[in-house]
Structure formats: structure tokens, C-alpha cells
Trainee: 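Below you'll find the structure I mean.
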Amino acid sequence: MKTMKFWRIAFVMLAALLSLASCSSDDDNDVYEATELGGTWQKVYDEGVADAGTVQYTFRPQSANNGTVDIFTSDWAAGDTTVYRIYTVTNAGHLLISPKPDDTSVALIVDCDIRRLTSMQMIWNKPGTNEEISRFKKVK
């Protein structure tokens, strides 16, 4: 009887250990594959956002850490607009998009951390925080 109780307890402890080992953490969402940045990314809006228009970023890497980006916006009020910028990204995923040195147009600057970058999804956070500011899906 004592042997049976011992094996039952051992089995329960083994099952508990295996179930804990198989749990994944939320850190699995933080993926950064730098080689996936090139291409066209379309901003994804929360469900229920009425006619948010279209925003697309087309990244053209010139090296692992910088390149050019075309930012296309389209909405019913302002029409279609494309601005051309340069970007730098650190190995840790900090992204800075800024005007080209000779650009005198509207000073659109993006400063964010890329929290997630895979072949199909990109998520930007406010720098140094866990506050999400934008989500994108890859379209090209």
C-alpha cells in the first residue's frame, strides 16, 4: 500500500514538472528577425476603427542597419501622399525614420522599438516601453 502511494505521488510530481516545462512565456511574442524588414508593410488598425485610410511603409535596406523607406498614406480627406525617408535600425530593434539630409518637406520622424518582426508581422512599441503604437502586416 505504501509503495502504491509512493508511485502515485511520484507520478503526480512528474506530471506537474512536465506541464510546467511545456508552458511558454509571453516573451515568445518578442521576435526580431532583422532580415525580414525589407518589403512593404501595411498598418493594421483595430477592429471598429472607421475608415482609417491606408498607411504603407516600403523598406529598402542598403545594409543590415540602414536604408531608405517610402511612406505612402491614403485617406478620403487628404488623398494619396508619398514621402521618402531614410532609416536606421540597431541590432536590438530600435528604429529611427527621418528625412533625408536635403529634404525640406514636412519633417516626419518615427522613433520606436520594433518589438516583433517576422516574415508576416511587425509591431512597434514606444521606445523603452511595452506600449504598442502600431501593427503591420507584410503585403509585398
Side-chain angles (χ1 to χ4, degrees):
M1 191 63 125
K2 287 184 180 183
T3 304
M4 183 82 120
K5 187 175 182 180
F6 170 76
W7 285 112
R8 245 187 262 165
I9 291 172
F11 178 74
V12 169
M13 289 176 56
L14 180 62
L17 180 63
L18 290 175
S19 69
L20 288 175
S22 67
C23 289
S24 64
S25 70
D26 290 337
D27 292 340
D28 292 341
N29 291 329
D30 297 338
V31 177
Y32 178 70
E33 298 291 335
T35 58
E36 299 294 345
L37 186 59
T40 301
W41 295 88
Q42 184 168 319
K43 188 170 183 177
V44 176
Y45 294 95
D46 291 335
E47 196 170 312
V49 174
D51 195 18
T54 301
V55 177
Q56 290 183 338
Y57 289 76
T58 301
F59 289 90
R60 293 184 176 84
Q62 294 173 342
S63 75
N65 297 94
N66 63 51
T68 61
V69 59
D70 303 346
I71 306 168
F72 171 77
T73 57
S74 177
D75 67 53
W76 65 271
D80 297 349
T81 305
T82 302
V83 293
Y84 305 96
R85 299 291 183 251
I86 56 175
Y87 75 89
T88 57
V89 62
T90 66
N91 292 335
H94 182 80
L95 175 66
L96 179 64
I97 298 174
S98 58
K100 294 178 179 182
D102 59 346
D103 190 348
T104 58
S105 64
V106 177
L108 171 70
I109 295 174
V110 175
D111 187 14
C112 64
D113 291 334
I114 301 175
R115 187 190 94 207
R116 182 172 180 80
L117 176 59
T118 65
S119 63
M120 297 305 296
Q121 182 184 43
M122 180 166 50
I123 299 173
W124 292 352
N125 280 5
K126 190 179 269 189
T129 72
N130 288 328
E131 182 182 341
E132 184 177 307
I133 56 175
S134 295
R135 282 183 176 260
F136 299 88
K137 66 179 179 179
K138 196 164 202 174
V139 293
K140 291 183 195 174

Trainee: Taking N125's backbone N and O only, do any of them form a donor-acceptor pair with D113's side chain (distance below 3.5 Å, no angle check)?
Mentor: no
Trainee: Just verifying a value: how many Å separate I133 CD1 and R115 CZ, rounded to the nearest 0.5 Å?
Mentor: 11.5 Å
Trainee: Taking all non-hydrogen atoms of both residues, which atom of K137 and which atom of V44 are closest, and how far apart?
Mentor: N-CG2, 3.7 Å
Trainee: I'd like to check the side chain to side chain donor-acceptor pair (under 3.5 Å) partners of D80; sequence neighbours left out, ordered by chain and number.
Mentor: S74
Trainee: Partners of D70 by salt bridge (Lys or Arg N to Asp or Glu O under 4.0 Å), sequence neighbours excluded?
Mentor: R60
Trainee: Using side chain to side chain contact (heavy atoms under 4.5 Å, CB included), reason through H94 and D111 one step at a time and then give a plain yes or no.
Mentor: CA-CA 8 Å; H94 182 80; D111 187 14; 2.6 Å; yes
Trainee: Using the salt bridge (Lys or Arg N to Asp or Glu O under 4.0 Å) criterion, which residues pair with K126? Sequence neighbours excluded.
Mentor: E131
Trainee: Which other residues end up in the same hydrophobic cluster as L96, if Ile, Leu, Val, Met, Phe, Trp and Tyr are linked when side-chain heavy atoms come under 4.5 Å apart?
Mentor: I109
Trainee: Which pair of heavy atoms, one from R85 and one from P99, lies closest together, and at what distance?
Mentor: CD-CA, 3.3 Å
Trainee: Considering residues at least two apart in sequence or located in another chain, which fulfil the ring-ring contact (aromatic ring centres under 6.0 Å, His included) criterion with Y57?
Mentor: W124, F136
Trainee: Taking only distance into account, with no hydrogens and no angle test, what donor-acceptor pairs under 3.5 Å do side-chain atoms of residues 33-42 form with protein atoms, sequence neighbours excluded?
Mentor:
from, atom 1, to, atom 2, distance (Å)
T40, OG1, T58, OG1, 2.9
W41, NE1, L37, O, 2.9
Q42, OE1, Q56, NE2, 3.0

Trainee: Mind running side chain to side chain contact (heavy atoms under 4.5 Å, CB included) on I86 and N66 for me, showing each step along the way?
Mentor: CA-CA 7 Å; I86 56 175; N66 63 51; over 6 Å; no
Trainee: Does I114 share a hydrophobic cluster with V110, counting links as ILVMFWY side-chain heavy atoms below 4.5 Å and allowing steps through other members?
Mentor: yes
